[in-house]
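For reference, the structure is listed below as C-alpha cells.
Note that the structure is predicted; figures quoted are calculated from it, not measured. Each ligand, and each atom within it, is numbered from 1 in the order the structure gives.
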Amino acid sequence: MSLSVQEFRQQFSDKLMTTFGKKVEKATPFEAFQTVGLILRELLNRKWQDTKGTYRSNSQKQVYYFSMEFLLGRLMITNLLNSGLLETCKQGLEELGFNLEEVLGQEQDPGLGNGDLGRLAACFLDSLASLELPGHGCGIRYKYGLFQQKIVDGNQVELPDYWLKNEYVWETKRLDQTVEVHFGGEIETVEESGRLTFKHHHYEKVLAVPYDIPVSGYQNHTVNTLRLWSAESTTNDFHFYSIDRKDYYHYLDYKRSVEQISEFLYPDDSSYEGRLLRLKQQYFLVSAGLQCILREFKNSYPSVDLLPEKIAIQINDTHPSLVIPELMRLLLDQEQLSWEKAWELTTRTVAYTNHTTMSEALETWPVDMVKTLLPRIYMIIHEINERFCRHLWLAHPTLRDEIKHMAIISYGQIHMAHLAIVGSYSVNGVAKLHTDILKNSVMKPFYTVFPEKFNNKTNGITHRRWLLMANPPLASLITEAIGETWVREPKQLITLLKYAGDAAFQEKIAGVKQANKTALAKYIQERTGIRVDDRSIFDVHIKRLHGYKRQLLNVFHILHLYEMIRDNPNMDMVPRTFIFGAKAAPGYHFAKKVIKLITTTAAKIAADPIVREKIRVVFLENYNVSLAEQIIPATDVSEQISTASKEASGTGNMKFMLNGAITIGTLDGANVEIREMVGPDNIFTFGLTAEDVLAYQLSRMYRSRDVYNGDQRIRRVMDQLVNGSLSNDDVEFKDIYYTLLSNNDEYFVLKDFDSYVEAQDLLEQAYRQPTEWLKKSITNIAHSGKFSSDRTISEYASEIWDIHPVTISSTTQSR
Ligand SMILES: *Cc1c(COP(=O)(O)O)cnc(C)c1O
C-alpha cells in the first residue's frame with residue numbers, strides 16, 4: 001500500500017479542505033497533524049477490516065490482554081513507520097511547508113498509565129501486531145490521564161491531564177457495541193424448575209461505551225484492536241416531563257457518579273482516596289470487556305464449551321482479577337452452566353501475570369465493600385473460597401496450618417492475588433529472579449499446590465519504539481554495520497559483537513551518542529533554562545518515584561560528592577550531569593519529599609560556583625513516554641538501583657541498554673539477566689542481593705543506626721537534611737531523616753551506600769577509558785535483542801496462550 005509523495009500531497013490538501021475548510025498555506029501544525037492522522041486512519045481502517053475478517057473466517061484463537069493501564073505514547077510515528085510512509089510523509093510535509101518533527105510534536109501522550117505495568121502493556125500490543133498474532137487490549141478510557149506534573153518552588157503540583165481536549169484522532173466510538181454494567185442492589189435467590197437462579201434487583205445501571213484504537217504491526221497487514229471503555233449514564237429510566245425537580249437532581253447525582261468511573265486513573269500503590277471508585281473501575285472494565293467477548297464469541301461458535309480453545313484472557317496484575325468471578329457469573333447465570341463446568345471453562349481461559357512481591361502492593365478489598373457494590377460477585381468469590389479451602393483441607397493435609405494464609409477471604413479482606421492464582425491456569429512472574437521469589441517465598445504454599453501453573457516470562461520492550469523511532473541515527477548505524485535483519489529479528493543484534501572493539505565503529509557510536517547528548521542539553525535548556533555541559537557524563541534516573549526505586553540513594557551519592565568537592569575544589573573527577581524524571585503518586589508524602597530534596601539539591605549546586613563546575617542536577621518535570629524517548633538515547637549511565645528483591649523486572653533498564661547506556665544497578669529484577677548476558681565487566685552491580693534482603697527481613701537484624709554511626713560520610717550527608725544547609729525550613733526533610741533512622745530504613749539505603757559509592761568510582765574510572773567504555777556500550781547493544789518484547793510475546797503465545805501467527809489476507813478493495 002504505497003503512496004507517492006505526489007499522492008500524499010494531494011490527499012493532504014483534499015483532506016485538509018474537507019475537514020477544516022482550509023488551504024494548505026493557512027493550516028496550523030495541529031491541523032496538519034490531524035490531517036495526516038486522517039490519511040493514516042483510512043489506510044488503517046482497511047487493514048483493520050481485513051484483520052477482523054481473517055480472524056473470523058479462520059476461527060483463530062484470540063487473546064485479550066486486560067489491563068487497567070496502557071501507557072501508549074504517541075502513535076503517529078508508530079503508524080507512519082509501520083505503514084512504511086515515514087519518508088513519504090516527511091518529504092511531502094516539507095514540500096508543503098511543514099516540519100515533520102513539529103507536526104509529530106502536536107500529538108498528546110495519552111497518559112493512561114502510571115509506570116512499568118502500563119508501558120509493558122503497550123509494548124505487548126506492539127509486538128502482538130508486529131508478529132501477526134491475534135491479540136487485543138482491553139482497558140479504560142480515562143478522561144484525564146494520570147496527572148500532569150509541574151514543579152512549583154521545587155514541589156510537585158498535580159494538574160489534570162486533559163488529553164482529550166482536541167479529540168483523539170486514533171479512536172472510534174462504537175456505540176453499537178455498548179453494554180450495561182450493574183452495581184449495588186440486592187440478589188434474590190429463587191428456585192426455578194430445580195435450579196437455583198439469582199435475580200438482581202435495584203441495581204445502578206451504567207453504560208459502557210467502547211472506543212477502539214487500531215494497533216498496527218510493523219510493515220505487515222495486521223491491525224489489532226485496543227478497546228477502551230468509557231462510562232456513560234443512561235437516560236432511559238428517567239422521565240423528565242412527568243416528574244418533579246427532585247428527581248432531576250437525583251438524575252444529576254447519578255450522572256455524576258457514573259461519569260466518575262472513567263475519569264481518573266488512580267495509581268495502584270499509593271494511599272489514595274476513593275478506593276471504592278477504584279473497585280468500581282475494575283469491575284467496570286472486567287464486566288464490559290467480558291460481556292463483549294462472550295457476545296462476539298456466541299455469534300461465531302455454537303457452544304461456550306469451546307471458550308478455552310478459542311479465547312485466552314491475560315490479566316495484567318491483579319487489577320482485572322474480577323474477570324474470574326465475572327466470567328463465572330456470566331457462565332452460571334446467563335449461560336446456565338453448572339458450577340463445575342463454569343469453573344472448568346474459567347480456569348482454562350484466564351491467565352495471570354504477577355508484578356509485585358511487596359506485601360503492601362498486593363491488592364486486597366474489604367469484604368463489606370465488595371458485598372455492597374457487587375453482591376452477586378461476592379457470592380461467587382465466597383463459593384470459590386469455600387471450595388478452595390475444602391480442597392486444601394482434604395487434598396493437602398500438610399498445608400492445613402497454611403490455609404488461613406492461603407484463603408481468598410480472610411480477616412475481612414479479599415486477597416486478589418489468591419483469587420487470581422486459584423482461578424487461572426497460568427501464573428507468571430516477569431523476570432527469573434522475581435519468579436523464583438514467587439515460587440520459593442511469597443507464593444510458596446500456592447506453588448506447592450499448583451506447581452504446574454507457575455512460569456516465568458521475562459519482560460521486554462519494543463525495539464521499534466525504543467530504538468528505531470527514538471534513536472534513528474543509532475538504528476542506521478547498526479543497519480550500516482550488520483544489515484537490516486535485526487529489525488525483524490532483534491536477536492541478530494548479537495552480530496554487532498564483532499565490532500565492539502572496532503575503532504572506526506566505536507568512533508561512530510561515540511559520535512551518535514554525543515549528538516544525542518547535545519540535543520538533550522538543548523532541550524534541557526529550553527525547558528528549564530539550565531545549561532548543562534554536554535561533555536559531562538549523563539547519569540540518568542527516570543522512573544516512578546518510590547521508596548524501593550531508591551532515588552534517595554542517588555541523591556545521597558550526589559550530596560556526598562558535593563561534600564567532597566567542597567573539601568577539595570581541585571578534586572580530579574569527570575564532570576557529571578545527574579538527570580531525574582519521576583512522578584510521585586499524589587498521596588505518597590515521602591515520595592514528594594524526595595522530589596523536593598532532588599530539586600533543592602539541584603538549586604544548591606547551581607548556586608555554588610565551585611561545585612557546579614563538576615556536577616549538575618536536573619529534574620525534568622512530567623516524566624512520560626515522550627520524555628523518555630528524548631532522554632534515553634542521550635544517556636551514558638542508567639540508574640537501576642532498586643532494593644534487591646523489590647523490582648519485579650524493570651523495563652527502563654532494557655531501553656537504556658538498547659541505546660548503549662551502561663547500567664549501574666543492584667542484582668534485582670531483569671538486571672540479573674542483563675548481567676548474565678553482557679557479563680560482569682559490562683555492568684556495574686553493587687549492594688545487597690535479594691537473598692540478603694529477604695534474610696534481613698526475616699531475622700530483623702538490620703540496624704540502620706549502626707550504619708549511620710559507623711560511616712562519617714553518611715552522617716555528613718544526613719546532617720545536611722536537618723541542619724539548615726539545604727533548607728531554611730528545618731522540618732522540610734525531617735521525615736526523610738526519620739524514615740531512615742527511627743523507622744530503620746526499610747529499603748536499605750544506608751546499608752547499600754558504601755558499595756554504591758564504590759561502584760560509582762569504578763564506573764568513573766571506566767569512563768575515563770573511552771575505548772573500553774565504548775566496547776562496553778556496544779556489547780550492551782549487542783546483547784539487548786533478548787529483551788525485545790517480541791521474544792517475550794512469542795513465549796506468551798506458545799507457552800501460555802497457544803495462539804499462532806496469521807498472515808492477513810486482503811479482502812477489501814485496496815490499491
Ligand atoms: C519504561 C517506562 C517506565 C518503566 O521504567 P522502570 O525504570 O522500569 O521503572 C515507566 N514510565 C515510562 C514513561 C516508561 O517509558
Answer side chain, backbone, both or neither: which part of N624 comes under 4.0 Å from ligand 1, heavy atoms only. backbone

For atom 6 (P) of ligand 1, grab the closest protein heavy atom and report residue, atom and distance to one decimal in Å. G652 N, 3.7 Å

Is K751 atom NZ crowded by more than 12 heavy atoms from other residues, nucleotides or ligands, each under 6.0 Å away? no

heavy-atom search around atom 9 (O) of ligand 1 in the protein gives K549 NZ, 2.7 Å

Taking only non-hydrogen atoms of F656, do any sit less than 4.0 angstrom from ligand 1? no

F787 and H463 aromatic centres sub-6.0 Å: no

Give me the nearest non-hydrogen protein atom to atom 11 (N) of ligand 1 as residue plus atom name, then the distance to 0.1 Å. Y623 CE2, 3.5 Å

Among the heavy atoms of E629, does any lie under 4.0 Å from an atom of ligand 1? no

What's the shortest distance from atom 8 (O) of ligand 1 to any protein heavy atom, and which residue and atom give it? T651 N, 2.8 Å

Is the ring centre of Y756 less than 6.0 Å from the ring centre of H557? yes

K543 to ligand 1: N or O pair under 3.5 Å? yes

Starting from the C-alpha separation in whole Å, work towards a yes-or-no answer on ring pair (Phe, Tyr, Trp, His ring centres under 6.0 Å) for F124 and Y796. CA-CA 10 Å; F124 280 6; Y796 275 89; 5.3 Å; yes

If you measure from the Lys or Arg side-chain nitrogens to the Asp or Glu carboxylate oxygens, is any gap between E673 and K786 under 4.0 Å? yes

Residues R74 and E629 bridged, charged N to O under 4.0 Å: no

Just to confirm my output: which protein heavy-atom neighbour is closest to atom 2 (C) of ligand 1, and how far is it? K655 NZ, 2.4 Å

